[in-house]
Protein chains: 2
Amino acid sequence: MKETKERILDSAENLFAESGYQATSLRAITQKAEVNLASVNYHFGSKEGLVDEVIRRRLVPLNKLRMQQLQNVFDHASSQKSNPNAEDILRAFIEPTITFLSSSNSLRHFTLLIGRSFAEPDDTVRKIFFSLMEPIFNTMMKGLKLALPNITEEVLFWRLHFSLGATSHTLRCIDNCPMTQLFNGKDPATDAESLIGLLLPFVTAGMEAPQ
Amino acid sequence: MKETKERILDSAENLFAESGYQATSLRAITQKAEVNLASVNYHFGSKEGLVDEVIRRRLVPLNKLRMQQLQNVFDHASSQKSNPNAEDILRAFIEPTITFLSSSNSLRHFTLLIGRSFAEPDDTVRKIFFSLMEPIFNTMMKGLKLALPNITEEVLFWRLHFSLGATSHTLRCIDNCPMTQLFNGKDPATDAESLIGLLLPFVTAGMEAPQ
DNA sequence: GTCTATAGATTGATAGAC
DNA sequence: GTCTATCAATCTATAGAC
């Protein structure tokens, strides 16, 4: 039997990912976690405190992976006295995400929550999420400017924006895609390797398109 | 003074776009519309009935524009005894959307709501939205298969998916983009022509990337 | 740390006068 | 069609016993 605190985090992660922050009540969370309602406020202070820790618990280590992989790209480029290329920058963002997604059922739920967070209407959740993401975005912009010096910063900004949109949309739709039925009834592949192999060429081609 | 029904629709459209369906109360809607609380249930039966009409009121004519433009692409191609090309198919989706966005303040709110709807956690809203979108997606897939016969259907499906993700993410972020501050403090361009000129080359290059 | 009980506010919906 | 008044349910949060 896991600790109460962890049971609450797991349950909240699961339900926030499925139904969103606003639509998920503390009662639903404690019921699924099989703990007492009051324990949420004891351990996290409030619903906001809970969602803060739900996001932080996974996103801090995930972003550490992303940042390390970005640093590797920079280091490797400068050791060759060349610039990083766009595909490697984008891969440093996407690969850890998709790997996270496929590594366990629990992390799979969190990945859906990340996808949700990109489109989250709630101000509190947005602030938590984007404050954690900002260093990653800044570093990616820095790399993309080096990789594609002929494309203006404004266009690179938008293309990064589009890439993140494509990625987050994909994360949200993996388990529950309303479009799936379009594909001839057959379920399209959603394993980690296939997804990276599909998404990365798409955003790389978009990023490198002539201006 | 507009009719009560229309005032409610406008107010709901505005607030749903800003804060999402779940987080918006009927009281907030009627207060902004300066009408009585009970009038929502008189005119629309329920909150679900209201959101259904909010979406339908704009999305039906918008999708009619999209479908006409798609039909034009098919007609023009067959009159030349050739296949449509991917860029024209994608433009037939994106151009009416962005034009809608820029045509008036009221439609601007609805466009944000469309962006929201792609990521909507609420089952009711999702069902309404995707049932209206399905014919468009099907027609686009048909056109893309003709345009890019060397790319498998599964890959085309995913690339259409990515394109819609990029587009909807952009719609959501136009007025309230948490990433804007990344771009050196300056606000990136968000007028209709600029957006089409940025988004369309991105998704076209991604769609046509060698497999 | 965990529980019961409940406060206090807000929600969607409706009954009934006009 | 529009209003007041209110119901019944639900929500987050907390007080206080154990």
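Checked against a 6.0 Å centroid threshold, the rings of A/Phe162 and B/Phe162 do not count as neighbours. Taking the centre of each ring, A/His169 and B/His169 stay at or above the 6.0 Å mark.
Residue B/Ser39 has no polar side-chain atom (N or O) positioned under 4.0 Å from OP1 or OP2 of D/dC3. In this structure, B/Asn36 reaches the D/dT4 phosphate: one of its side-chain N or O atoms is under 4.0 Å from OP1 or OP2.
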List the steps, then state whether salt bridge (Lys or Arg N to Asp or Glu O under 4.0 Å) holds for B/Lys32 with B/Asp10. CA-CA 9 Å; B/Lys32 191 184 181 82; B/Asp10 290 344; over 6 Å; no
Check step by step if salt bridge (Lys or Arg N to Asp or Glu O under 4.0 Å) holds for B/Glu53 and B/Arg57. CA-CA 6 Å; B/Glu53 199 148 329; B/Arg57 172 172 73 144; over 6 Å; no
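A heavy-atom distance below 4.0 Å to DNA chain C is reached by none of the residues of residues 9-20 of chain A.
For the pair A/Lys145 and A/Phe157, the cation does not sit on the ring face, since its NZ or CZ is not both under 6.0 Å from the ring centre and inside 45° of the axis. Within the cation-pi definition used here (under 6.0 Å to the ring centroid, within 45° of the axis), A/Lys142 qualifies as a partner of A/Phe74. Annotation: cation-pi geometry satisfied between B/Arg66 and B/Phe93 (NZ/CZ under 6.0 angstrom from ring centroid, within 45° of ring axis).
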Which nucleotides of nucleotides 12-18 of chain C have their base under 4.0 Å from a protein heavy atom (B), which only their sugar-phosphate (S), and which neither (-), written as one string 5' to 3'? BBB----
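From one end of the helix from C/dG1-D/dC18 to C/dC18-D/dG1 to the other, with five pairs defining each end axis, the axis direction shifts by 10° (rounded to 10°).
Applying the 6.0 Å contact sphere to CD of B/Gln68 captures more than 12 heavy atoms from other residues, nucleotides or ligands.
Across B/Ile114, B/Asp191, B/Leu107, B/Thr111, a single residue satisfies side chain to side chain contact (heavy atoms under 4.5 Å, CB included) together with B/Leu101, and that is B/Thr111.
Using modelled atom types and a 3.5 Å distance limit, the side chains of A/Asp88 and A/Asn85 yield a donor-acceptor pair.
In this structure, CD of B/Glu34 is placed 16 Å from C1' of D/dC3, rounded to the nearest angstrom. Atom CZ of B/Phe44 is separated from atom C1' of D/dG1 by 13 Å (rounded to the nearest Å). Look at CD1 on A/Ile29: it is 12 Å from C1' on D/dC11, rounded to the nearest Å.
When all heavy atoms of B/Phe110 and B/Leu62 are compared, the pair lying nearest together is CE2-CD2, 4.5 Å.
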